Protein chains: 2
Amino acid sequence: MGPTIRDVAARARVSKATVSYVLNGRPGVSARTRQRVLEVMEELGYRPNTVARSLASRKTQTLGLVIPDISDMFYAHIIRGVESAANERDYILNLCTTRSDPRREREVVDSLMSGRVDGVILMTYSLDHAYLEKLRATGRPFVLLDDPDAGPSLHAVSVDNSEAGFKAAEYLISLGHRKIAFIHGSPRSRDTWYRFSGFRRALQASGVALREEYVRVGDFTRDGGFKAASELMSLPDPPTAILAANDQMAIGALEAITRSGRRVPEDVSLMGVDDIEAASMIRPPLTTIRQPTYEMGRQAVDLLVRLIGGEELEPRHILLPVTLVVRESCRSAT
Amino acid sequence: MGPTIRDVAARARVSKATVSYVLNGRPGVSARTRQRVLEVMEELGYRPNTVARSLASRKTQTLGLVIPDISDMFYAHIIRGVESAANERDYILNLCTTRSDPRREREVVDSLMSGRVDGVILMTYSLDHAYLEKLRATGRPFVLLDDPDAGPSLHAVSVDNSEAGFKAAEYLISLGHRKIAFIHGSPRSRDTWYRFSGFRRALQASGVALREEYVRVGDFTRDGGFKAASELMSLPDPPTAILAANDQMAIGALEAITRSGRRVPEDVSLMGVDDIEAASMIRPPLTTIRQPTYEMGRQAVDLLVRLIGGEELEPRHILLPVTLVVRESCRSAT
DNA sequence: TTGTACGCGTTATCAT
DNA sequence: ATGATAACGCGTACAA
């Protein structure tokens, strides 16, 4: 292939060591020698071999990211955050998607942890405590992303999902709503429960009753949201406001509400969580809760790079705040 | 860090070579010895060092992907295709985003081509012929993505953008439309011109005149589409159908058409290109042209892996077909 | 099966 | 102060 450090050394009539020093801008080389070495490098079009460098220095300048998917915008934004922060620190990103497949999650983590990268950011769902503890024992640093139940000995960056439910409910209550419904995502998802708990907390804090028939399940899909909202709308005493655990369901709910002959926001206020792209494109634009996805990726890299640098940080869970995005799908209760 | 091949060899009382053979499932090791080595590996929790392996074998089992962005769904789907195809072939993906910044494009390509990966997929915009030829001289294989003007000595996988414009126009014409407008994206984009050329070709093929005032520029943004369509709607003799060079602009155009007091599709038929997520979520759902993004990523990997494998393939440009996605934003001209 | 020379830089030690 | 020598990192591959 290309010329190696030996070729450069030979041509410049110095030793490999000297070339290495020049390469890394280290002292111990006279200006004249350095100049000559640089010229030879240029002349030969020399590029140091990254792999050899990694082997010798025990640093790969690469971070691993394990994440379920990429076409979901939620993950896409996280990846972007990771990527940009990694680049700023001169790290390259190894991206591994798993589709949340447990076997693949293990495979990929094993592969990454075998020296390929300096550290890993994990957004996994099947790796249990025992496995993560074993990972920790390898000494290679890693950070968990959006795992609110991570063990106390691990580093994690998460979104405050409970706050998401709280802020949404709080907003609806501030508009005067008292009959507020909640549409759950998949019951297996932790996120939906955290959001619901915040939702309930806000209601309690304001003394608003939570009616059992106002709580539905929608599986995070548009169709699920549609069905759940249809049921809500056919209730004898339908809610005046609905919070869906994500935007997809909110968009489905919008459809159902419209079909029932009601209008958003005139008759029913509607909110989602996520702030997906479509949220601002539908009519009316959807009021929602935005998650700090990009920031999450950045923070994870931040933490990880410090760990790689050898800092002895206390394991801690960083919980990032969400923000309310007011658009036009909510209105004061009459 | 962890145990090395030497530790395993010592403990199993064999040579490094033997361990290596066991590791790679190669012959020349008796069943009993193999068994003992495997046990020791298990016992020590041995994981071969990926970097050392790469250095010795001159294979990294890693592919590089250079792409402008990731939050744009167009790119996201490509990445997904690349990732899934790469995984199937036991390659890991190095993802580098550039935001189309010329300096970063070079930086990243240089970094990847210095031995870090076995091959690279390039979706770049600033790398010129001279540079690409220099890359080719390095001997490390690479494939260009969506670069319809790639030199004949290079490998490339692209979408048939001209066909996109052609199919869209053909469809509108088949519905009886004769007064058809086109909204350009950014004039610097090649895609918009290819789409336009197909559009024009279809009109010519059917003997439909292309009126100058029906061609506008919208810069690929929703706002641009809005403005362009507003102008079209205020023409003395407005078009009955509009093709926007992408969905974003089509969505902006929908807004403008509605504001002008007309309805889609009753008064004006509207089409986009891309099939972004929002296309199916707006009312009416947008008829559009879907690009084989996922497939594009897969094909690029396919080609690249064959090149890495040493196949002497003729440089060729693979052109992937687009598909018409009929929804509800078009209707027969009255 | 083993011994050992690689692959290609890095870095500690030594010589001038 | 400069620069050379050589061990090292960890597997791979070929001759013995």
Side-chain angles (χ1 to χ4, degrees), chain A residues 1-41 44-62 111 113-118 138-140, chain B residues 1-38 40-41 44-62 110-111 113-118 138-140:
Chain A
M1 304 281 288
T4 73
I5 199 173
R6 230 183 25 215
D7 301 325
V8 176
R11 196 141 168 62
R13 270 167 303 162
V14 293
S15 70
K16 288 197 302 176
T18 303
V19 178
S20 178
Y21 293 150
V22 172
L23 211 51
N24 298 295
R26 275 219 277 271
V29 185
S30 71
R32 226 188 33 248
T33 308
R34 156 165 284 125
Q35 182 56 32
R36 194 168 73 241
V37 171
L38 285 172
E39 275 166 13
V40 172
M41 283 180 178
L44 263 45
Y46 169 69
R47 310 226 131 263
N49 179 317
T50 309
V51 176
R53 238 174 161 171
S54 296
L55 180 61
S57 67
R58 306 168 141 281
K59 292 242 157 259
T60 61
Q61 288 299 333
T62 304
S111 160
M113 294 299 265
S114 65
R116 199 190 279 282
V117 299
D118 294 338
T138 68
R140 205 176 297 281
Chain B
M1 304 281 287
T4 75
I5 199 172
R6 218 162 59 194
D7 301 323
V8 176
R11 196 142 168 61
R13 270 165 303 158
V14 294
S15 71
K16 288 196 303 174
T18 303
V19 178
S20 178
Y21 291 149
V22 172
L23 211 53
N24 298 297
R26 275 216 277 270
V29 186
S30 73
R32 224 185 40 244
T33 310
R34 158 165 284 125
Q35 183 56 30
R36 196 168 72 239
V37 171
L38 285 173
V40 172
M41 282 180 177
L44 265 47
Y46 169 69
R47 309 227 131 262
N49 180 315
T50 308
V51 176
R53 239 176 161 167
S54 296
L55 179 60
S57 68
R58 306 169 141 281
K59 294 240 158 259
T60 62
Q61 289 298 333
T62 304
D110 280 345
S111 161
M113 294 299 265
S114 66
R116 197 189 284 281
V117 298
D118 294 338
T138 67
R140 203 176 300 279

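Just so it is clear, the model here is predicted, and its values are computed rather than measured. A, B, ... follow the sequence lines: proteins, then strands. Residue 1 opens every chain.
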I want to verify a distance call: between [options], whose nearest atom is closest to the [X] side chain?
X	options	answer
B:S57	D:dT12, D:dT5, C:dG7	D:dT12
A:T4	D:dT5, D:dT12, C:dC8	C:dC8
A:T33	C:dG7, D:dT2, D:dG11	D:dT2
A:A17	D:dT5, C:dG9, D:dT12	D:dT5
B:V14	C:dC8, C:dT2, D:dG11	C:dT2
A:A52	C:dG9, D:dT12, C:dT10	C:dG9

Could you tell me how far apart [X] ([atom1]) and [N] ([atom2]) are, to the nearest whole angstrom?
X	N	atom1	atom2	answer
A:Q61	C:dT10	CD	P	12 Å
A:N49	C:dC6	CG	C1'	14 Å
A:R58	C:dT11	CZ	C1'	13 Å
A:R6	D:dA6	CZ	C1'	14 Å
B:K16	C:dT2	NZ	C1'	12 Å
A:R13	D:dT2	CZ	P	19 Å
B:M41	D:dG11	CE	C1'	11 Å
B:I5	D:dA13	CD1	C1'	12 Å

Short side-chain N/O contact to [N] OP1/OP2 from [X], under 4.0 Å:
X	N	result
B:R53	D:dT12	yes
B:S20	D:dG11	no
B:S15	C:dT1	no

Under 4.0 Å, counting only non-hydrogen atoms across every strand here, what does [X] touch: a base, just sugar-phosphate, or nothing?
X	value
A:R32	nothing
B:V29	sugar-phosphate
B:R34	nothing

Under 3.5 Å, is there a donor-acceptor pair between the B:S54 and B:T60 side chains?
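Judged by distance alone, the side chains do not pair up.
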
Side chains of B:N24 and B:R53: is there a donor and an acceptor less than 3.5 Å apart?
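B:R53 and B:N24 do have a side-chain donor-acceptor pair below 3.5 Å.
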
Under the criterion side chain to side chain contact (heavy atoms under 4.5 Å, CB included), I'd like the reasoning laid out for B:I5 against B:Y46: C-alpha separation, chi angles, the key distance, then a yes or no.
CA-CA 8 Å; B:I5 199 172; B:Y46 169 69; 3.8 Å; yes

Do B:V51 and A:R58 pass the side chain to side chain contact (heavy atoms under 4.5 Å, CB included) test, and can you show the C-alpha distance, the side-chain angles, and the key distance before you say yes or no?
CA-CA 9 Å; B:V51 176; A:R58 306 168 141 281; over 6 Å; no

Student check: side-chain heavy atoms of A:L38 and A:M41 closer than 4.5 Å:
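Of all side-chain heavy-atom pairs linking A:M41 with A:L38, at least one is under 4.5 Å.
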
Is there a donor and acceptor pair, one atom on the side chain of B:Y21 and one on the base of D:dC14, closer than 3.5 Å?
yes

Take A:N49 and B:S114, measure what side chain to side chain contact (heavy atoms under 4.5 Å, CB included) needs, and give me the verdict at the end.
CA-CA 6 Å; A:N49 179 317; B:S114 66; over 6 Å; no

